[in-house]
Undergrad: 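Please read through the structure below; I'll follow up with questions.
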Amino acid sequence: MAQIETNHMTSFGALNLAMIAAERSRLKFEAGGSFVKCIMCSKVKKDNKRCTGCYMVWYCGQECQMKGWDEHKVECKKTRKEYKTVKLVKTLAETRGLDREDMVEVGYSFTNGIKTNNNNKHADKTKKSHYVVKVQIDMFCEQGPMFIYNQDRDLQGYLCFEENEKVYDELKQQIRSKGFGGLQNLYSAGLKGYFRAIVNNEKDPEGMRLKLNPYRMQTVETW
């Protein structure tokens with residue numbers, strides 16, 4: 001069966017995206033006008049790189065990284081230990097023990113309205129080893145599977161409570177208290193949050209196991 005994906009922007013979704021963009025602009029202003037400033041010299045360059053230990057801070061080059069290591073190393077090592085390995089399943093059907101072949105999933109997005117998607121066909125796998133992922137909690141079921149995907153959708157799957165209990169609970173607490181999303185204005189609770197994730201494409205080409213830091217929510221994205 002060919003992939004089917006239908007997006008219909010809702011009026012609520014347009015408002016939600018506007019709110020997200022405004023929040024991101026506010027956070028960018030508070031960060032000094034850029035999210036990628038070197039933590040040592042504050043330079044903003046196109047080739048600034050993240051620390052490859054924690055993936056949380058930026059450097060403009062090796063010189064600043066070496067100068068800042070003594071100050072950063074304790075926090076870096078602490079952050080690295082916060083990454084936890086989680087196991088994903090590819091489709092919502094699999095979270096319920098059903099056969100996923102030729103099944104079309106139907107859901108509702110507050111941004112895009114009715115959405116149907118056959119997840120049997122995935123985008124080409126990324127060569128990136130780390131990126132931000134969006135985590136969306138199930139608004140209808142207390143321990144329902146969380147939907148996780150990156151911006152390019154070459155990684156996407158569901159995080160079930162079973163086998164991921166501690167990470168699941170921490171993600172939910174972070175998202176509920178600090179997250180963003182559709183019903184936040186009605187219930188004062190977020191539905192989605194953004195987190196750093198690390199993948200090993202050689203050991204896990206399907207991308208169903210990844211290391212995720214559930215303790216440090218990232219800046220809200222517009223995707």
Side-chain angles (χ1 to χ4, degrees), residues 19-88 126-137 146 148-152 154-155 159 164-181 184 190 192-204 207 209-223:
M19 292 171 61
I20 290 173
E23 176 65 5
R24 186 171 172 82
S25 294
R26 183 187 70 80
L27 293 172
K28 186 175 182 180
F29 176 80
E30 290 183 354
S34 174
F35 293 124
V36 301
K37 282 196 310 182
C38 174
I39 65 168
M40 292 301 296
C41 66
S42 298
K43 286 183 180 178
V44 179
K45 296 166 40 178
K46 289 183 179 180
D47 58 349
N48 279 10
K49 298 289 192 303
R50 287 184 181 272
C51 169
T52 55
C54 64
Y55 297 103
M56 296 291 175
V57 300
W58 294 82
Y59 293 103
C60 65
Q62 187 176 15
E63 183 178 351
C64 275
Q65 187 173 17
M66 293 179 65
K67 286 181 179 178
W69 177 240
D70 283 342
E71 182 178 349
H72 175 59
K73 64 182 178 181
V74 173
E75 184 66 18
C76 183
K77 291 178 181 179
K78 176 184 175 182
T79 303
R80 287 170 65 180
K81 290 180 180 179
E82 293 173 350
Y83 283 88
K84 307 299 180 185
T85 300
V86 297
K87 178 183 178 182
L88 307 182
T126 181
K127 294 182 179 179
K128 295 179 181 178
S129 61
H130 62 92
Y131 33 65
V132 171
V133 294
K134 180 192 283 188
V135 180
Q136 296 181 177
I137 63 177
M146 296 179 178
I148 297 181
Y149 58 95
N150 63 356
Q151 184 175 11
D152 295 330
D154 49 20
L155 179 143
L159 178 75
N164 304 291
E165 290 87 348
K166 291 184 179 180
V167 175
Y168 183 101
D169 286 341
E170 182 62 31
L171 285 170
K172 191 165 188 177
Q173 189 277 327
Q174 290 281 340
I175 293 171
R176 285 297 193 192
S177 61
K178 304 175 186 177
F180 215 86
Q184 186 181 34
K192 60 188 175 185
Y194 297 84
F195 300 85
R196 295 296 313 178
I198 304 172
V199 296
N200 188 322
N201 293 308
E202 292 184 3
K203 291 184 178 180
D204 181 27
R209 286 188 180 273
L210 63 152
K211 290 186 176 181
L212 188 149
N213 189 325
Y215 302 101
R216 301 178 188 247
M217 185 176 292
Q218 303 298 287
T219 304
V220 64
E221 301 282 351
T222 55
W223 48 270

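Since we're looking at a predicted model, the values are computed, not measured.
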Undergrad: Once rounded to the nearest 0.5 Å, what's the spacing between atom CG of Asn150 and atom NE2 of His130?
TA: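 Here the rounded value is 12.5 Å.
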Undergrad: Is there side-chain contact between Asn164 and Met146, with at least one heavy-atom pair below 4.5 Å?
TA: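 With C-beta onward as the side chain, the pair stays apart.
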Undergrad: How close do Ile175 and Lys192 get, counting heavy atoms only, and between which atoms?
TA: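 Here Ile175 and Lys192 meet closest at CG2-N, 3.4 Å.
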Undergrad: Go through the steps to decide whether Tyr59 and Lys49 satisfy the test side chain to side chain donor-acceptor pair (under 3.5 Å), and finish with yes or no.
TA: CA-CA 5 Å; Tyr59 293 103; Lys49 298 289 192 303; over 6 Å; no
Undergrad: What distance do Arg80 atom CZ and Ile198 atom CD1 have between them, rounded to the nearest 0.5 Å?
TA: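 Spacing of CZ (Arg80) from CD1 (Ile198) equals 8.5 Å.
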Undergrad: First locate atom CD of Glu170, then atom CD of Gln174, and finally report the distance between them rounded to the nearest 0.5 Å.
TA: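 The CD atom of Gln174 is 5.0 Å from CD of Glu170, to the nearest 0.5 Å.
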Undergrad: Walk me through it: do Asn213 and Met56 pass the test side chain to side chain contact (heavy atoms under 4.5 Å, CB included)?
TA: CA-CA 10 Å; Asn213 189 325; Met56 296 291 175; 3.8 Å; yes
Undergrad: Does any part of the side chain of Lys37, heavy atoms only, come nearer than 4.5 Å to the side chain of Trp58, both counted from C-beta?
TA: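 No, side chains not in contact.
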Undergrad: When rounded to the nearest 0.5 angstrom, what distance separates CD1 in Ile148 from CG in Leu159?
TA: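 Result: 4.5 Å between the selected atoms.
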Undergrad: Can you tell me if Tyr83 uses its side chain to pair, donor with acceptor, with the backbone of Cys54 under 3.5 Å?
TA: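 Yes, Tyr83 side chain to Cys54 backbone: donor-acceptor pair under 3.5 Å.
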Undergrad: Closest approach of Cys60 and Asn48, non-hydrogen atoms and distance?
TA: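 In terms of heavy atoms, the two residues are closest at CA-OD1, 3.2 Å.
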Undergrad: When rounded to the nearest 0.5 angstrom, what is the spacing between CD in Gln173 and NZ in Lys178?
TA: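 NZ of Lys178 is found 7.0 Å from CD of Gln173.
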Undergrad: Answer whether the closest heavy-atom distance between the side chains of Arg196 and Val132 falls below 4.5 Å.
TA: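 Yes. Closest side-chain heavy atoms under 4.5 Å.
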Undergrad: Ring centroid separation for Tyr194 and Trp223, is it under 6.0 angstrom?
TA: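 Close enough - the centres of the two rings lie under 6.0 Å apart.
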Undergrad: Would Glu30 and Arg26 satisfy salt bridge (charged side-chain N to carboxylate O under 4.0 Å, His left out), going step by step from the backbone distance to the final call?
TA: CA-CA 6 Å; Glu30 290 183 354; Arg26 183 187 70 80; 2.5 Å; yes
Undergrad: To the nearest 0.5 angstrom, please state how far the CD atom of Glu63 sits from the SG atom of Cys38.
TA: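 Those atoms lie 10.0 Å apart.
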Undergrad: Can Thr79 and Arg216 be counted as having a side-chain donor-acceptor contact under 3.5 angstrom?
TA: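 Yes.
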